[in-house]
Amino acid sequence: MKNMAFKIVFAFLFVSSSLIVWAKPKPDRPKNIIFLIGDGMGLTQIFAGLTMNGGWLFLEQLDKIGFSKTQSSDNYVTDSAAGATAFSIGEKTFNGAIGVDSLGNPKETILEMAEKKGLSTGLVTTCDLTHATPASFAAHVGSRKKTDSIAIQMAHSGVDVMIGGGLDRFKNRKDGLDLVQVLEKSGMKVMDSTQNFRSVKSGKLAWFGGKEHLPSILNGRDTSYLKDASLKAIELLSQNPKGFFLMIEGSQIDWGGHNNDAAYVGTEMIDFDKTIGAVLAWAKKDGETLVVITADHETGGMALNGGSFGNKSIDAKFTTGGHTAVMVPVFAYGPGAKKFTGIYENTDIFWNFKKLLIKKKG
Ligand code: MG
Ligand code: ZN
C-alpha cells in the first residue's frame with residue numbers, strides 16, 4: 001500500500017511538472033490594447049443594431065462584461081469630451097475638457113504613456129480627428145471647441161496612425177499654418193480621400209477621408225471604411241515588436257441619437273459591430289491583445305417599444321435630443337479582460353489600461 005501511494009505521488013509530481021514545462025504560457029498582461037468607443041452606445045443602441053441586423057451581432061462573442069458610470073466632474077450627464085478624457089487620463093473632468101483635469105491642468109494620456117514606453121499608437125474614427133473623442137487622447141485644451149489648437153497639438157503628438165476626417169483643421173487654416181507639412185516632417189505619409197489607405201504597407205500614416213466629418217452610412221460612407229481603416233491601423237502598428245495602443249471610434253451612433261433617428265443609430269451600430277468582428281478575429285489569432293469595447297455615454301434616452309428580427313425593424317422612441325446619465329456596458333476580450341467585469345467609474349478603464357500596459361520598471 002505504501003509503495004502504491006508513493007507511485008501515485010510520484011506520477012502526480014511528474015505529470016504536474018511536465019504541465020508546467022509544456023503548457024503554453026498564457027500572458028496575464030497584453031502586449032497591445034485596442035480600445036473601441038461607440039459614442040452614445042447604450043444598451044438600446046446595441047439592441048437596435050442587433051435587431052436591424054436580423055437578430056445577432058459580433059459583440060455577442062464577448063463574455064467579460066461590466067458597466068461604467070459616466071458622470072463628469074461637473075455634471076450628472078457627461079459630454080463626449082469629459083467622457084473620453086475620463087478614459088484617457090483616469091480623472092473625472094468638466095464637460096468640454098480635452099485631456100485636462102477638473103482644474104484645467106494637462107494630464108498625460110494613456111496614449112502618450114504608451115508612446116513614451118516605445119509602443120506605437122493610433123486613432124481611427126468616422127468623424128473629424130480633432131473632434132472630442134479622438135482629441136482627448138492626444139491633445140490638452142480646456143474646450144473641445146478649440147479645434148484649431150487641438151489640430152496643432154495632434155500634428156505634434158507623435159501618433160503613428162491617424163485615420164478619419166478633418167483635413168481642413170490641418171490645412172486651409174485661418175492662421176495660415178500648414179499642419180500637413182508638420183505631419184510629413186514627422187515622417188508620416190499624408191493622404192486624402194482621393195488616395196487609398198489600403199495600399200500603405202508600413203510606416204506612419206495620416207489619412208483624411210474629408211475636409212470635415214465623414215458622411216454617415218445613410219449618406220453614403222463606404223460600409224467597409226471603418227473596418228478596413230481599423231485593420232490597416234492594426235497592420236501598421238503591430239509591426240512594432242514592443243506593442244501598440246489603438247483607439248477606434250464609432251462616432252456617429254451618437255449623432256443618430258441626437259437626431260432621434262432610429263435608422264441612423266441602427267446603421268451606425270451595425271457598421272461599428274462589423275469593425276468589432278474584424279478586430280476580435282485579429283485579436284483571437286494574435287493572443288496578446290486586450291480588446292475593450294464601451295461607450296462614453298448613452299444618447300437620446302432611446303427605448304425600443306417594439307420591433308421584429310425577421311423584418312429587421314424597430315419601433316424606437318427617444319426622451320431627449322441630448323445625452324443621458326445611465327451606465328453603459330463595457331465588453332472585454334483577451335489578457336486582462338477579467339478586470340473589466342463589475343460596476344465601476346469610467347475612470348477605472350484608464351487605471352486598468354495603465355496597470356496592464358504601462359508596466360513599472362523592475
Ligand atoms: Mg465622439
Ligand atoms: Zn453627443
Side-chain angles (χ1 to χ4, degrees), residues 36-41 45-46 48-49 52-53 57-58 79-81 84 122-135 144-145 147-148 150-151 154 161-173 179-180 190-200 205-233 246-279 295-296 299-300 302 312 314 316 318 321-323:
L36 293 112
I37 302 175
D39 199 315
M41 184 185 73
Q45 285 76 6
I46 293 171
M52 286 170 63
N53 197 38
L57 288 177
F58 289 109
D79 81 321
S80 293
L123 298 169
V124 173
T125 174
T126 58
C127 65
D128 181 331
L129 279 157
T130 66
H131 208 247
T133 312
R144 59 186 289 170
K145 289 179 190 154
T147 51
D148 282 343
I150 291 170
M154 289 180 89
V161 175
M162 290 198 279
I163 305 179
L167 184 59
D168 269 3
R169 313 274 168 262
F170 292 80
K171 66 180 210 182
N172 306 322
R173 292 165 55 95
L179 298 177
V180 166
V190 183
M191 301 172 106
D192 65 21
S193 59
T194 65
Q195 296 162 292
N196 195 337
F197 61 76
R198 295 165 185 84
S199 65
V200 179
L205 169 68
W207 185 85
F208 294 97
K211 290 178 177 178
E212 295 179 345
H213 304 304
L214 277 83
S216 64
I217 291 289
L218 290 175
N219 282 323
R221 188 173 79 243
D222 179 352
T223 54
S224 69
Y225 160 74
L226 186 60
K227 174 169 83 70
D228 288 357
S230 301
L231 290 176
K232 181 55 69 182
L246 170 63
M247 193 288 296
I248 300 167
E249 186 196 16
S251 321
Q252 299 195 28
I253 301 165
D254 177 60
W255 302 351
H258 283 295
N259 288 4
N260 289 0
D261 181 338
Y264 193 173
V265 170
T267 48
E268 292 296 332
M269 184 63 224
I270 291 168
D271 186 62
F272 187 54
D273 183 66
K274 255 201 315 193
T275 303
I276 290 168
V279 168
D296 45 0
T299 306
M302 189 179 184
K312 302 182 174 181
I314 52 172
F318 296 85
H323 301 165

S.K.: With a 3.5 Å distance limit and no angle check, can you tell me whether Trp207 reaches the backbone of Gly164 through a side-chain donor-acceptor pair?
M.R.: no
S.K.: For Val200 and Leu205, work out which heavy atoms get closest and say how close.
M.R.: CG2-CD1, 4.0 Å
S.K.: Does some side-chain heavy atom of Met52 sit less than 4.5 Å from a side-chain heavy atom of Ile314?
M.R.: yes
S.K.: For residues Thr126 and Ser251, is any side-chain donor paired with an opposing acceptor at under 3.5 Å?
M.R.: yes
S.K.: Considering all heavy atoms of both residues, which atom of Pro134 and which atom of Glu249 are nearest to each other, and what is their separation?
M.R.: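 Shortest heavy-atom contact: CD-OE1, 3.5 Å.
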S.K.: Whether the side chain of Asp296 engages the backbone of Gly40 through a donor-acceptor N/O pair (distance < 3.5 Å, no angle test) should be reported.
M.R.: yes
S.K.: Kindly write out the residues that satisfy salt bridge (charged side-chain N to carboxylate O under 4.0 Å, His left out) with Lys232, not counting sequence neighbours, or none if the list is empty.
M.R.: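 Result, salt bridge (charged side-chain N to carboxylate O under 4.0 Å, His left out) vs Lys232: Glu235.
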S.K.: Do the side chains of Tyr225 and Asp271 get nearer than 4.5 Å, heavy atoms only?
M.R.: no
S.K.: Could you tell me whether a side-chain N or O of Arg198 sits under 3.5 Å from a main-chain N or O of Asp228, the two making a donor and an acceptor?
M.R.: no
S.K.: Is there a donor-acceptor pair under 3.5 Å between the side chain of Glu268 and the backbone N or O of Gly250?
M.R.: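 Here the side-chain-to-backbone pair does not exist.
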S.K.: Evaluate the side-chain proximity of Val190 to Phe208: yes if any heavy-atom separation is below 4.5 Å, no if none is.
M.R.: yes
S.K.: Side-chain contact test, heavy atoms from C-beta onward, threshold under 4.5 Å: evaluate it for Ser216 versus Trp255 and give yes or no.
M.R.: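 No, side chains not in contact.
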S.K.: Please enumerate all residues that pass side-chain hydrogen bond (donor to acceptor under 3.5 Å, both in side chains) together with Thr267, with sequence neighbours excluded.
M.R.: none
S.K.: Mind checking whether Thr133 and Thr125 have side chains closer than 4.5 Å, heavy atoms only?
M.R.: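 With C-beta onward as the side chain, the pair stays apart.
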S.K.: Check Ser199 against Met191 and note the closest heavy-atom contact, atom names and distance.
M.R.: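 Minimum heavy-atom contact is OG-CE, 4.0 Å.
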S.K.: Hey, does the side chain of His323 reach the backbone of Thr299 with a donor-acceptor pair shorter than 3.5 angstrom?
M.R.: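 It does not hold such a pair.
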S.K.: Answer yes or no: is there a donor N or O on one side and an acceptor on the other, between the side chain of Asp273 and the main chain of Phe58, under 3.5 Å?
M.R.: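 Such a contact is found between Asp273 side chain and Phe58 backbone.
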S.K.: Please find the pair of heavy atoms, one from Ala278 and one from Lys227, that lie closest to each other, and give the distance.
M.R.: CB-CG, 3.7 Å
S.K.: CZ/Arg221 to CG/Leu226 distance, rounded to the nearest 0.5 angstrom?
M.R.: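 Here the interatomic distance stands at 6.5 Å.
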S.K.: What is the minimum heavy-atom distance between Gln252 and Leu214, and which atoms define it?
M.R.: NE2-O, 2.9 Å
